[in-house]
Amino acid sequence: MQKKAGLLLANKLDAPAATDNLELLREFFAARVRIEPLSTHDERQVAGLPRLFFNLLGVIRVYAKPPGKKFEPSDPFVLPLGANVHDMARKVHRGMAEHVKSARIWGSGLSDGQNVKLEHVLNDKDTVELNT
């Protein structure tokens, strides 16, 4: 599939002429940009926008948890899609990647706090505890 150069959010999907207008947008712009129809009155569609943006950018958000401490959400690390635990360790601290011996993860559909290998591929919103 060819990458599109942009994104067009077609709002007012709930308006009476939405179908006709959407067809016009597709006719004129579909070859150049990705068109995402939505209604801002639908909370689920609005809530899904951040995930759409991250998917289009090809990145994920991953949170770090200090070993032995309670998880306090903070600014996530932004990593490329397909990044693994070892990649995150490099992002946390340049020299850390060589010293990480194990990692625990919350998210990814695994049991909370499950030990994973350093090659484990991370998913959006995972929380990772790196142990040296």
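Since the model is a prediction, treat every value here as computed from it, not as a measurement.
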side-chain contact (heavy atoms from CB on, under 4.5 Å) test vs Leu122 passes for just one of Val85, Thr127, Asp87, namely Val85
Does a side-chain heavy-atom distance below 4.5 Å link [X] with [Y]?
X	Y	value
Leu38	Leu49	yes
Asn115	Ile105	no
Val100	His86	no
Lys70	Glu72	yes
Val62	Pro76	no
Lys12	Ser39	no

Locate the shortest heavy-atom distance separating Val128 from Ala103; write the atom from each residue and the value.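 Heavy atoms of Val128 and Ala103 come nearest at CG1-CB, 4.4 Å.
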Shortest non-hydrogen contact from Ala10 to Leu25?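 So the minimum-distance heavy-atom pair works out to CB-CD1, 3.7 Å.
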For His99, side chain to side chain contact (heavy atoms under 4.5 Å, CB included) partners two or more places apart: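 Once residues adjacent in sequence are excluded, the partners of His99 under the side chain to side chain contact (heavy atoms under 4.5 Å, CB included) criterion are Thr132.
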Under the rule for side chain to side chain contact (heavy atoms under 4.5 Å, CB included), what residues qualify as partners of Leu81, not counting sequence neighbours? Ile60
Find the distance between NE2 (His120) and CG (Asn84) and round it off to the nearest 0.5 Å.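 So the gap between those two atoms works out to 9.5 Å.
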Distance, nearest 0.5 Å, that separates CG of Leu118 from OG of Ser102: 8.0 Å
Are Val121 and Phe77 in one and the same hydrophobic cluster, where Ile, Leu, Val, Met, Phe, Trp and Tyr link if side-chain heavy atoms are under 4.5 Å apart?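 Each belongs to a different hydrophobic cluster.
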Can you get from Trp106 to Val92 by hopping between Ile, Leu, Val, Met, Phe, Trp and Tyr side chains that sit under 4.5 Å apart?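 No; Val92 is not reachable from Trp106 via cluster members.
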I need the full list of salt bridge (Lys or Arg N to Asp or Glu O under 4.0 Å) pairs touching residues 123-132, with sequence neighbours left out, sorted by first then second residue. Arg51-Asp124, Arg61-Asp124, Lys65-Glu129, Arg104-Glu129
Inter- and intrachain pairs under salt bridge (Lys or Arg N to Asp or Glu O under 4.0 Å), touching residues 16-27, at least two apart: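 Output for this query lists Glu23-Arg26.
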Would you say that more than 12 heavy atoms from the other residues, nucleotides or ligands in this model lie under 6.0 Å from the CD of Glu98, or not?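 Enclosed: over 12 neighbouring heavy atoms sit under 6.0 Å from CD of Glu98.
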Got a donor-acceptor contact below 3.5 angstrom from the [X] side chain to the [Y] backbone?
X	Y	value
Glu36	Leu9	no
Asn11	Pro37	no
Arg34	Ala30	no

Verdict with reasoning, Leu22 to Ile35, per side chain to side chain contact (heavy atoms under 4.5 Å, CB included): CA-CA 9 Å; Leu22 186 57; Ile35 298 172; 4.0 Å; yes
Would you please name every residue forming a side-chain hydrogen bond (donor to acceptor under 3.5 Å, both in side chains) with Thr19, sequence neighbours left out?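 For Thr19, no residue satisfies side-chain hydrogen bond (donor to acceptor under 3.5 Å, both in side chains) once neighbours in sequence are set aside.
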Taking the hydrophobic residues Ile, Leu, Val, Met, Phe, Trp and Tyr, and joining any pair whose side-chain heavy atoms are under 4.5 Å apart, which ones share a cluster with Tyr63? Phe71
